[in-house]
Amino acid sequence: MEKNMIFKSLKGAIIIATFVFSGSVALADKKPRASKPADPNQIIQTYLGNTWVWSRGGSYWGGGGTFQAVWTSEKNGSKSYADGKWYVTSKGTLCYEAVWEWKDKEEADKVEKNCWQHVVDKEGQVWQRHHEKEEWYKPGPEKIKSGNAIKAEYRKHRKAVGG
């Protein structure tokens with residue numbers, strides 16, 4: 001009976017540790033050794049028809065390469081939204097090109113491009129980094145939600161901006 005209790009406690013501790021260390025608390029690191037570019041089809045399957053949840057918004061990677069995103073400013077709470085396209089390169093880099101709209105915008109509409117390079121390490125773990133940064137992260141699966149999880153928020157942001 002005592003061994004069973006110890007096993008249950010240990011099992012609970014392992015589950016908690018796994019959640020804490022593999023969840024949204026991804027630590028930045030150098031590019032994994034012996035890594036290779038991720039298979040583009042794997043990246044497409046990860047994002048197609050799903051929402052990538054961000055700290056103050058998110059992005060929907062729709063069929064036909066359609067891209068939508070929402071963002072709420074940390075400074076003043078202003079809302080913005082984006083419409084554009086997305087694609088994956090032959091080397092496993094995920095990119096979007098979109099025009100962001102927000103209230104009282106001073107410059108003309110311009111297309112913003114952002115990309116995330118993806119590699120796979122020798123254990124099969126996918127790593128990513130923003131194209132303008134050096135740090136590599138293990139993307140957490142809890143950041144990808146099935147379907148268009150920002151649909152209602154997108155409509156609210158668009159209305160708030162006047163689009």
Side-chain angles (χ1 to χ4, degrees), residues 15-29 31-32 37-120 125-163:
I15 290 170
I16 291 169
T18 301
F19 175 76
V20 169
F21 292 111
S22 69
S24 60
V25 184
L27 301 175
D29 211 343
K31 185 175 183 179
D39 177 356
N41 290 321
Q42 180 182 8
I43 304 307
I44 291 169
Q45 288 175 0
T46 299
Y47 292 93
L48 177 61
N50 294 318
T51 301
W52 182 357
V53 178
W54 299 338
S55 61
R56 291 183 303 281
S59 54
Y60 175 65
W61 309 79
T66 59
F67 174 84
Q68 291 182 327
V70 294
W71 185 257
T72 302
S73 169
E74 185 176 33
K75 291 181 184 178
N76 60 12
S78 67
K79 297 179 179 339
S80 60
Y81 71 94
D83 285 303
K85 64 179 183 173
W86 71 278
Y87 54 91
V88 176
T89 70
S90 62
K91 293 188 177 184
T93 299
L94 171 72
C95 298
Y96 78 75
E97 296 175 17
V99 175
W100 284 88
E101 303 287 349
W102 61 92
K103 252 187 179 174
D104 305 324
K105 160 167 89 168
E106 293 179 11
E107 58 186 76
D109 293 342
K110 72 175 194 183
V111 175
E112 179 180 322
K113 180 178 179 179
N114 273 295
C115 296
W116 291 265
Q117 185 179 0
H118 292 76
V119 297
V120 178
Q125 170 67 51
V126 174
W127 293 72
Q128 71 177 190
R129 77 174 180 95
H130 187 269
H131 70 280
E132 294 177 344
K133 301 189 177 175
E134 293 183 25
E135 300 87 17
W136 288 87
Y137 297 89
K138 294 178 187 176
E142 74 285 351
K143 295 288 187 180
I144 304 296
K145 302 289 182 198
S146 181
N148 188 346
I150 64 164
K151 186 186 286 185
E153 201 171 349
Y154 175 85
R155 284 194 293 262
K156 288 178 190 175
H157 281 228
R158 191 175 174 111
K159 186 176 180 181
V161 171

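A quick note: this is a predicted structure, and the numbers were derived from the prediction, not measured.
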Any donor-acceptor pair under 3.5 Å from His118 side chain to Gln128 backbone: no
Could you note down all residue pairs passing disulfide (SG to SG under 2.5 Å) where residues 40-91 supplies at least one of them, sequence neighbours left out? none
Within a strict 4.5 Å, meaning less than it, do heavy atoms of the Thr93 and His131 side chains meet? no
Verify whether the ring centers belonging to Trp86 and Trp52 lie closer than 6.0 Å. no
Are Trp61 and Leu94 side-chain neighbours, meaning at least one heavy-atom pair lies under 4.5 Å? yes
When the aromatic ring centroids of Tyr137 and Trp127 are compared, is their separation below 6.0 Å? no
Could you report the tightest heavy-atom contact between Arg129 and Glu135, atom names first, then the distance? CB-O, 3.1 Å
Does the Thr51 side chain pair with the main chain of Gly147, one donor and one acceptor, at a distance under 3.5 Å? yes
Can you tell me if Glu153 and Tyr81 form a side-chain donor-acceptor pair at under 3.5 Å? no
Point-to-point distance, once rounded to the nearest 0.5 Å, from NZ of Lys91 to CG of Asp39: 14.5 Å
Should Phe67 and Lys85 be marked as a side-chain contact (heavy atoms from CB on, under 4.5 Å) after you check the CA-CA gap, both sets of side-chain angles, and the distance that decides it? CA-CA 5 Å; Phe67 174 84; Lys85 64 179 183 173; 5.5 Å; no
Does any donor atom in the side chain of Ser73 or Trp71 lie under 3.5 Å from an acceptor atom in the other side chain? no
Between NZ on residue Lys31 and CD on residue Gln117, distance to nearest 0.5 Å: 5.5 Å
Below 4.5 Å, heavy atoms only, C-beta onward: do Arg158 and Val70 meet side chain to side chain? no
With a 4.5 Å limit on heavy-atom distance, are the side chains of Tyr47 and Val88 in contact? no
Can you name the closest pair of heavy atoms from Arg56 and Glu74 and give their distance? NE-CB, 3.4 Å
